[in-house]
Structures are given as structure tokens and as C-alpha cells.
Amino acid sequence: MGAVTLNNIVKRFGTFTAVEQTSMQIPEGSFTTLLGPSGCGKTTTLRMIAGLLDPSEGEIIINGKRVNDVPIHKRNLGLVFQNYALFPHKTVADNVGFGLRYRNVPRADIARRVQDALELVQLPQVANRYPKALSGGQQQRIALARAIVIEPDVLLLDEPLSALDANLREDMRVELKNIQSRIGVTTVFVTHDQSEALAMSDQIVVMSDGKVEQVGAPEEVYNTPASEFVARFLGASNILGGRCLSRGPDGAVLEVPVFGKVIVPSAKAPHLAGEGAAKLVIRAEKLLLRDAPPESGAFSAPATVETVDYQGQSVRYFVRAGDTQLQAINMIDERPFAVGAQVHLTLRPQDCAALPG
Amino acid sequence: MIFDFAICAHVQSAPSATQDVAMSVEARERRQPWVLLAPALGAVTLLLLVPLLFIVVYSFWLRSAVGPDTAGFHLDNWQRALTDPFYRYILLNTLKIAAITTFFCALLGYPAAYFITRSSGNKLILLLLLMLPFWISYIIRTMSWINILGSSGALNTALMSMGVISSPIQMLYNEATVILGLVHFLLPFMVLNIYVSLDGIDTNLEDAATSLGATRWQAFTQVTLPLSLPGLAAGGLLCFVLGAGTYITPLILGGPRDAMFANLVFEAIITQLNWPMGSALSLLLLIVLGALVALYNRYLGMSQLTKGLG
Ligand SMILES: Nc1ncnc2c1ncn2[C@@H]1O[C@H](COP(=O)(O)OP(=O)(O)OP(=O)(O)O)[C@@H](O)[C@H]1O
Ligand SMILES: [Mg+2]
């Protein structure tokens, strides 16, 4: 089992820099997700850890050993691809047993370990079939079995669920997480799906344009984004540009449009140094619409409902307060507000976060 | 059939006013593909099937020393074609030359195809370069070897000016040069066919294999090579059939003893004016090569071949 460390990794393709000065720590046994939009360098980073690409600069350390010069077949990593990459001319058993043949495992043990792996992914009965006789979800499980049967130091997964349809994807994500925690293998998971990242990870690395934007636990990244990019990429957010008037031990005082003066608790403004330009981040589901102004303890502002997007148990509103349009996602019991309704926006101090401007 | 039946049922239940319209649309749709195919089918019938039929008929006639050939149903030509040791020797030699040529095409073509598949960006230019020789007449390409290997050709001149040899070496007009010429001619077919099948293989497969502990070479032999065998087989079949049917290459680059089977046909028809014998011989070659294609089709399927040609 191994921890992975990247030190100032750079990857250039010709003159184009796909990954810039990236460092990260992936703790042993953790489930770490590289999250970011398409083209931000997630796959490139993963392929460098795997040994399929050489970094232009920096070092990769697995298990305390620098592996830059260790070829892929000696790194002992499990790799799962988006398109599964099962060998079409080999049976499921031969696919899963492939890695064991290069590890001096006796023949009898291979059969047993293959069967164990197939049971782990709940497909013990398909050993003699060929990959094309399996459904997409089944192929994905076999690809996973093939990667974990070799007891890899690190399991690397590149968008393994994105080729599955929505329902299956959610089932597989629970199952994948279960298997990972059962065998305790250090896992690096690449996705551009924030809900996947939030649901599965111990640690999320948010990337954009080849750079790391933030590293943290899912709650941390979600509740205390380190940058506007992170705030916008994870969930729906309102971002109000304003000024920080003062920064004290009990919080930062921000002056923003719509709400006027807002006091953000210190814990929600870790990246805000002091006075100057600042931004207030309000999650759409934390911005509540009320008939009446709230009692004390919450910030409030009048607004008009412009769009109502009814989704059953919740509603997505677009409301206008002065020149500013805001988005709110509220749970509802009965009927949603109608378009044109005058409402009071309500916001609890602990539900906002502040960023440097 | 089921479809036809459904249409008929529908037509019968339709009001009679629309019946004619429905019928004519249906009939027109059914006729359309045949209308479009007609010119090609006509050409194939007229230019291929009819002459072939003539040849079949001819092969049973007898040549007479003077005057017109004797029409009829005589098995003499066939008997001779099948039993004459000289013909059998040439036939086996032809198949041997074709086999050696195919082997060298595969040996040289595979790395080239692999290289083109894995090269990034300039694939199209490389493929175009591969097709470039086709723009020059096959005969001229074959003759070019005379300028290279002939007694006053480039190689001999170079060796003599370097002092390695004092008089020209006889390099042309033997079996080796025939094979050389055939490899030169057929290599692009092989490369193209292998390229097509290699290009269809997901590169992640080799990556997956190496991540599991296989070296690059093991990943190639375990994964890529077996998956590209259909392309190799298709290229092999093309090279073999085209190689075994050639008569220009041995004519230009071979010695008197390097005749191939098609040269026998040429000899019989053009030199000896023995059309019946020539017909029987050409049909014999057609049957042998046809059997090979049929075997290929039985075990590997024709679709791979059309992939490589398209
Ligand atoms: N071999 C290559 N040559 C040149 N540029 C490349 C190469 N591989 C990747 N890139 C570029 O590097 C950038 C990052 O690519 P990468 O595949 O890592 O993105 P990604 O985050 O995995 O995106 P996606 O979610 O779409 O898979 C992209 O702009 C891509 O075009
Ligand atoms: Mg990717």
C-alpha cells in the first residue's frame, strides 16, 4: 500500500503546458479524487503517476521512492480506463489473471485469486465469457477486478463510471467505494462529476487549467472554497463582489450588494487576509426565500421572483434584488412562490463564505 | 418475405383509390436498387462473366496443327494441365515464390504499419506517401530495378568505383530478383491492410497490459499482435493472390528458369497460339487461388478484406 507525492510536477506537450507546477500529497489508503473540467489536466496527471507519461519537470514519489525512472510495468499500479480496455480476445478469467502471470504466481493460485477477485466484484459466474458478451457495467467490474487482483500499491481510475448510464453509475459508485474501503488500497480517481467526487472521496483535488485550485475534504472544498473557480465548479453559487471592511477574530465584515454589511465567521474566511476587495459566496441552497423578514441573527434583503423551476421536492428560483440576479434552491413543503412574488431573502452568517477579491 | 407480406396486407385493407399509388410506390422502391446496379452488373456480365464462360468452353476444345481449333468436349487439355510434371513444377514454384514474397511483405510491412499507426499527427501524409508508388506504372516501377541492379546499374557502378569489385556482378534475372520485384510491388497492400487493423485497436489495451506488469514487447505479443492478425491475414491473402497471378515481374526481372504460372498461360496463348491449352491453364490457376480465397473466407470472413481495400 502506498502514499503518492507529487513535487512540482510540470508536463508540457511541445509548447503547450498541460500541467503546471503541481504538488499534492495522496495519503496511504485514502480515496483521492482529481476533479476539474474537461481539459484541465486530470488524465495527464494520472498518466504521469501511472508511468504512461514522463513529467517534464518535478518528481513523483510512491511509497517513499522516487519512481520517475521506474517503467510502468515495474510500478505495481492498478489502472482502470473509462472505456474499460478489456482484452477482447481473452476470456474474463484470462483478462483478470493477466497481471498475475507476470508475477510468478503458481497456476493453481492464479485460478483461485481470479475467482476471489470475481467474487469481490460480484461476478463469479462469468469467468469463461468474452468481454463483448458482458454489459457495460459488468465490463467495468471486470476491469476493476483485473486491476485489484494484482494487489497494487495504488489504484488509478480515469473516469471509470462516465460510460455507464445514470442509475448504474450511482450503484457502481457505492460499490466501488465499498470495495476500495474493504481492501484499503490508496486510490486516485479522476472525474469531472462533482457529485461523484463529493460522494466518494476522502480528499478532493480541484484542478483548473493545469493548476491545483484547492485540496481538501469534500465538506471543506464545498463549504469553504478557496477560489471563485472552486465555488462555481462545485454546486450552484452566488458570488457577490464587494469589500472587506475589517477582519477580526470573530469574523470578517464585508460590504456587498443586496445584503449590505455582512459578518462572515472567521472559519468561513480562511483565505481572506484583511481589508480590501473581497467576494461573498452564497450557496444557492443556503439562500432562503421567506414571506416575512427573519428575526434577528440572519441577513435579509427584499427581492422579486423572476423564474421558478419546480423540481418536485425542491425549487430553483432566480430572484432579482436591485440590479443583481441571484439563484436559490429551496426545499418546499407545499406550493412554490409564484413568478413576480415579493419575497425576503434570508441568509444565516454561517452559511456564507468569503474570498479575497 | 415478412416485410412483403405486411405490405400486401396493408394494401389489401387500403381503400381502392390509394391502392394503385401504394402499389406503384412500393414497386418503384423495389426496382430502384436494381436500376442503380444495372450498369455495373451489365459491365461485370459483359466484361467478366461472358469472357470467362468463353474460356471455360475453349478449355474443352482441341487445337489442331492447321486450321481452326476443333470444337467439342475434350478433356485432353485438362488432363495435360493436371498431369504434366513441368506444369506441376511451375505451379508449385509459383506458389512458393508467392509464399516467400508474402512472408517478406509481412516482415517488412508490419513494423511500417505499426509505425504509421502510432505516429502522431502526420498519419495522413505517411499514408499518402505509401500510395505514391501507385501513381507510377507498375511496369516502370519493376523496370527501375534494372537501373539499380543491372550490370551497368547504380549498385554495380558504385561497387566498382569503390573498388570492391573489378567487374560487374550478375545480380538480375534470378528468383531472388523476382521476389524483390514482387515485394516492391505488393508491400503497400500489406502495409495498408495491417494499418487498418492496427488502427482499430484501442491503444489503452497495450497501456493496460503494461500496467499489469507486461513489458512493452510482451504487451505487443500478447495483445496487439493477436488482435491485428485479421489484417495480417487479409494483407497476406492479397499479396499471395496478386503475387501468384503475376507475369510481368518474372518477365522483366526473372531468368529463363524463373517462369511463373501466368507466364505459361501467356506463352500458350500468345506464342503458341494454343488458346484451348491456355484457357485450361488459366482456369487451373483461377481454381487454385479461388480455393485459397474460399478457405480464407470460410475461416476469417471477407469483411476484413474489404476493410483493407476501403
Ligand atoms: N499527447 C498530447 N499532446 C498534446 N496535448 C495533449 C496531449 N494529451 C493531452 N493534451 C492536452 O493537455 C490538456 C489536458 O488534457 P487531459 O487529457 O489531461 O485533460 P482531462 O482533464 O483529462 O480532460 P477530460 O475530462 O476531457 O478527460 C488538454 O488541453 C489536452 O488537449
Ligand atoms: Mg481525461
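Within the model, atoms CG of Leu156(A) and OG of Ser211(B) stand 8.5 Å from one another, a figure rounded to the nearest 0.5 Å.
Residue Leu107(B) places its CG atom among more than 12 non-hydrogen atoms of other residues, nucleotides or ligands, all under 6.0 Å distant. Shown here is Phe134(B), whose CZ atom has more than 12 heavy atoms of other residues, nucleotides or ligands within 6.0 Å. Residue-environment remark: CZ (Phe115(B)) stays at or below the threshold of 12 foreign heavy atoms within 6.0 Å. Within a 6.0 Å radius of OH in Tyr114(B), more than 12 heavy atoms belonging to other residues, nucleotides or ligands are found. Within a 6.0 Å sphere centred on OH of Tyr138(B), other residues, nucleotides and ligands contribute more than 12 heavy atoms. Crowding of Ile136(B) atom CD1: a count of heavy atoms from other residues, nucleotides or ligands under 6.0 Å exceeding 12.
At a heavy-atom cut-off of under 4.5 Å, chain B is reached by Arg47(A) from residues 40-50 of chain A, listed in order of number. Within residues 120-145 of chain A, no residue has any heavy atom closer than 4.5 Å to a heavy atom of chain B. Using a 4.5 Å heavy-atom cut-off against chain B, the contacting residues of residues 72-101 of chain A are Ile72(A), His73(A), Leu77(A), Leu79(A), Phe81(A), Asn83(A), Ala85(A), Leu86(A), Phe87(A), Pro88(A), His89(A), Lys90(A), Phe98(A), Gly99(A), Arg101(A). Heavy-atom neighbours of chain B within the stretch residues 102-119 of chain A, taken at a separation under 4.5 angstrom, comprise Tyr102(A), Arg103(A).
With a threshold of 4.5 angstrom between heavy atoms, Asp202(B) approaches chain A through side-chain atoms but not through N, CA, C or O. Both the backbone and the side chain of Leu205(B) come within less than 4.5 Å of a heavy atom in chain A. Proximity to chain A is absent for every atom of Ala219(B), based on heavy atoms less than 4.5 angstrom apart.
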